[in-house]
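Please see the structure below; I have some questions.
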Amino acid sequence: MRGARLESILERVEAGDLLSENEIVCLLSIVQKEETEALFAAARRVRAQHTSNRIFLYGFIYLSTYCRNNCLFCFYRRSNKDSLRYRKSHDQIVEAARMLAKSGVHLIDLTMGEDPVYFDEDGFEALADLVASVREATGLPVMISPGLVDERVLAMLKESGASWYACYQETHDRSLFEKIRPGQDFNSRLDTKRIARTLGLLTEEGMLSGMGESSADVARTLAAMGELDTDQVRVMSFVPQKGTPLSDHPPADFGEELKIIAIMRLLFPDRLIPASLDIGGLRGLKERLAAGANVITSLVPPGEGLAGVAQSSLDIDDARRTVASVDPVLRECGLAPATKAEYHRWIETRMELIDGGSVGRSPGGRPDGC
Ligand code: SF4
């Protein structure tokens, strides 16, 4: 892209203009180092305006690795014989949450595959009980990622104290969705996030990078995220998983993930955007933060036999996914962990905006070329 063109796009977006999908494609086409650095610097300036140098820290508990689905990219897909399977008990999960809270995280993320045991008749009551126990034991907000659930279950989880519902499309290209999430319904997965919002839950949407999507597909997915108006948006790089049909597929280009993080920051200036430890562990954290992320996710307590999602064991038992291990990286980047009060304030402010109807920011407008 010509330098003056990039400068003009960045200036306008920093001044609050919306980007067209074509302009997003232009930003994704950047390859030169100076241009990439200009994009990341703009993303950092936008982050600083909204969350200063504060970074939120999320503790992660993958409570069950059983799943009824067969997503092509996932290590825990139903038919993967190589997959590590476990289902943690109520008490084990509460204890792990307590350890995470003690270590200084701001939120407990309870994630599971679509475990048939929970999806049986009364399973979600046990999950709701768990959310209530984790809230009580830690005093922290809880994010719940149970997969695709109906309104009754979402209401029950909200009632039990959950603040967030996370559920990723991975792509808003319907044909790619059908390919990578066989047998799953695109619209139901989308609607469940809208329903969660109407019930007063904050929502997270996510995309997977490196599945063969074009820049136009990425731009469309980012535009759809804007329309969905979720409170946290994430991108994760595809990592080939042993025992899956995509085990020989090339891994995602890390540079693409970083550009998408930066573009997300420009498109959604006041939202939460995670730098996940789940892809490469501590490696790559600095770069993700430098691209504009303001949350570190997937902090896992060591020694509890818990797994990650994209990297089932990386950095967990050697305690490199802990608050203590990310702290020096934050300092090196001129950043600092937020306080619990700051995280609560972010949630309250966001809820007030939602209740007042003053949220929403979607890419769109001028169809403009590079
Ligand atoms: S991505 Fe989620 S729903 Fe799909 S197979 Fe993995 S755990 Fe199951």
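We count ligands from 1, going down the list as the structure has it; atoms in each ligand are counted the same way.
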Q) Strictly under 4.0 Å, does any heavy atom of Glu170 approach an atom of ligand 1? A)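 Judged by the 4.0 Å heavy-atom criterion, Glu170 does not count as contacting ligand 1.
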
Q) Looking only at side chains, do Ser83 and Asn80 share a donor and an acceptor under 3.5 Å apart? A) no

(Q) Under 4.0 Å, heavy-atom basis, I'd like to know which part of Tyr66 is in contact with ligand 1: side chain, backbone, both or neither. (A) neither

Q) Going by an N to O cut-off under 4.0 Å, is there a salt bridge joining Asp185 and Arg189? A) no

Q) Can you name the ring-ring contact (aromatic ring centres under 6.0 Å, His included) partners of Tyr86, sequence neighbours left out? A) none

Q. Which of the atoms of ligand 1 are close to Tyr62, meaning less than 4.0 Å from one of its heavy atoms?
A.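 Selected atoms, number and element: 7 (S).
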
Q: May I ask whether atom 2 (Fe) of ligand 1 is less than 4.0 Å from at least one protein heavy atom?
A: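 Within 4.0 Å: no protein heavy atom nearby.
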
Q) For ligand 1, which atoms, with element, lie under 4.0 Å from some heavy atom of Arg181? A) 3 (S), 4 (Fe)

Q. Taking the side chain as C-beta and beyond, is there a heavy-atom pair between Glu213 and Thr221 under 4.5 Å?
A.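 The answer is no; the side chains never approach within 4.5 Å.
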
(Q) For Arg12, is there an ion pair with Glu23 - N to carboxylate O distance below 4.0 angstrom? (A)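 A salt bridge is present here (some side-chain N lies under 4.0 Å from a carboxylate O).
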
Q.
Heavy atoms only, cut-off 4.0 Å: how does Phe73 contact ligand 1, side chain, backbone, both, or neither?
A.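 Looking at Phe73 and ligand 1, just side chain atoms fall under 4.0 Å.
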
Q: Would you mind checking if Asp229 and Arg350 are paired as a salt bridge, meaning a charged N to carboxylate O distance below 4.0 Å?
A: yes

Donor-acceptor pairs under 3.5 angstrom involving side-chain atoms of residues 91-98: please list them, not counting sequence neighbours.
{"residue": "Gln92", "atom": "OE1", "partner": "Ser89", "partner atom": "N", "Å": "2.8"}
{"residue": "Gln92", "atom": "OE1", "partner": "Ser89", "partner atom": "OG", "Å": "3.3"}
{"residue": "Glu95", "atom": "OE1", "partner": "Arg98", "partner atom": "NH1", "Å": "3.1"}

Q) In the shown structure, where waters are left out, how many protein N, O or S atoms lie under 2.8 Å from atom 8 (Fe) of ligand 1? A) 1

Q. What pairs with Phe254 under ring-ring contact (aromatic ring centres under 6.0 Å, His included), at least two apart in sequence or on another chain?
A.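 Counting only residues at least two positions away or on another chain, Phe254 forms no ring-ring contact (aromatic ring centres under 6.0 Å, His included).
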
Q.
If the test is salt bridge (charged side-chain N to carboxylate O under 4.0 Å, His left out), which one of Arg45, Arg44, Arg265 qualifies with Glu14?
A. Arg45

